[in-house]
Chemist: 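Here you go, one structure.
Note: hydrogens, waters and symmetry copies are ignored here, and every other heavy atom, side chains too, is used. Along the sequence shown, residues carry numbers from 1. These figures come from a predicted structure and were not determined experimentally.
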Amino acid sequence: MKKDVSALAPFLILLALDFYLLPLLAGDTGSAMLLMLCVMPLIALVSAVAYGVRRGFCPALPIAAFLLFIPAIFMYYNSSAWVYPIAYGVIVLIGNGAGRFFYQKR
């Protein structure tokens, strides 16, 4: 169990930085939409694929992405952002599954 958490830690830190630091860069509505709809999901997807390629599939990663985004709603967004934790969970799930496909090939 400890090995699983230590293997997840760098990817969870990357997701936390994605969810909590990038919104600070949004200066106006246009840049916020670009971050929320393009940059942040892309970072989440790439980190999930990287985890899947290195370690295989882990169901805890999409759950962690879901849970990590919830506090960001209260910090940066309004109640209309409740769809994003689900979206990020699905994006990370897809990325982790795609990475697992390449993990099996090694």
Chemist: Looking at every heavy atom in both Asn96 and Gly56, which two are closest together, and how far apart are they?
Modeler: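 Looking at all heavy atoms of both residues, the shortest contact is ND2-O, 3.4 Å.
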Chemist: Report whether Val46 and Tyr84 are members of the same hydrophobic cluster (ILVMFWY, side-chain heavy atoms less than 4.5 Å apart, transitive linking).
Modeler: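 In one cluster with Val46: Tyr84, no.
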Chemist: Look at the side-chain heavy atoms of Ile, Leu, Val, Met, Phe, Trp and Tyr, link any pair under 4.5 Å apart, and say whether Leu12 and Phe19 land in one connected group.
Modeler: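 In one cluster: yes.
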Chemist: Distance-only check: which donor-acceptor pairs under 3.5 Å involve side-chain atoms of residues 31-44, not counting sequence neighbours?
Modeler:
{"residue": "Ser31", "atom": "OG", "partner": "Gly27", "partner atom": "N", "Å": "3.0"}
{"residue": "Ser31", "atom": "OG", "partner": "Asp28", "partner atom": "N", "Å": "3.2"}
{"residue": "Ser31", "atom": "OG", "partner": "Asp28", "partner atom": "O", "Å": "3.1"}
{"residue": "Ser31", "atom": "OG", "partner": "Asp28", "partner atom": "OD1", "Å": "2.8"}

Chemist: Restricting to non-hydrogen atoms, name the atom on Ala98 and the atom on Phe102 that form the minimum distance, rounded to 0.1 Å.
Modeler: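 What the structure gives for the nearest pair is O-CD1, 3.3 Å.
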Chemist: In terms of ring plane angle, is the pair Tyr77 and Phe69 parallel, tilted or perpendicular, where the classes change at 30° and 60°?
Modeler: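 Correct class here is parallel.
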Chemist: If you look at every heavy atom in Leu8 and Ala60, which pair is closest and at what distance?
Modeler: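 Taking every non-hydrogen atom into account, CD1-CB, 4.1 Å.
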Chemist: So, taking the atom named CG in Leu67 and the one named OH in Tyr88, what distance separates them when rounded to the nearest 0.5 Å?
Modeler: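 Between atom CG of Leu67 and atom OH of Tyr88 there are 15.5 Å.
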Chemist: Suppose we screen for side-chain contact (heavy atoms from CB on, under 4.5 Å). Which residues come up paired with Ala87, at least two apart in sequence or across chains?
Modeler: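 So Ala87 forms no side-chain contact (heavy atoms from CB on, under 4.5 Å) with any residue.
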Chemist: CG of Leu14 to CG of Leu68: how many Å apart, nearest 0.5 Å?
Modeler: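 If we round to the nearest 0.5 Å, Leu14:CG and Leu68:CG are 11.0 Å apart.
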Chemist: Checking Ser79 now: which residues fulfil side-chain hydrogen bond (donor to acceptor under 3.5 Å, both in side chains) with it, not counting sequence neighbours?
Modeler: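 Ser79: no side-chain hydrogen bond (donor to acceptor under 3.5 Å, both in side chains) contacts found.
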Chemist: Assign the ring pair Phe11 / Tyr51 to parallel, tilted or perpendicular, where the plane angle (0 to 90°) is split at 30° and 60°.
Modeler: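 Rings of Phe11 and Tyr51: perpendicular, as their planes differ by over 60°.
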Chemist: Ala48 and Leu61: which non-hydrogen atoms are nearest, and at how many Å?
Modeler: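 Shortest heavy-atom contact: CA-CD2, 4.1 Å.
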Chemist: State, to 0.1 Å, how close Ala81 and Ile73 come at their nearest heavy-atom pair, and which atoms those are.
Modeler: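 The answer is O-CD1, 3.6 Å.
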Chemist: Can you name the nearest heavy-atom pair linking Tyr20 to Pro23, along with the distance?
Modeler: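 For Tyr20 versus Pro23, the nearest heavy atoms are C-CD, 3.8 Å.
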Chemist: Looking at side-chain heavy atoms only, is the closest gap between Ser80 and Trp82 below 4.5 Å?
Modeler: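 In short, these two side chains do not touch, never coming nearer than 4.5 Å.
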Chemist: Within this structure, what is the CD1-CG distance for the pair Ile13 and Asp18, rounded to the nearest 0.5 Å?
Modeler: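 Rounded to the nearest 0.5 Å, the CD1-CG separation comes out at 13.5 Å.
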Chemist: Hey, does Leu24 have a side-chain heavy atom less than 4.5 Å from the side chain of Tyr76?
Modeler: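 A side-chain contact exists here, since the closest heavy-atom pair is under 4.5 Å.
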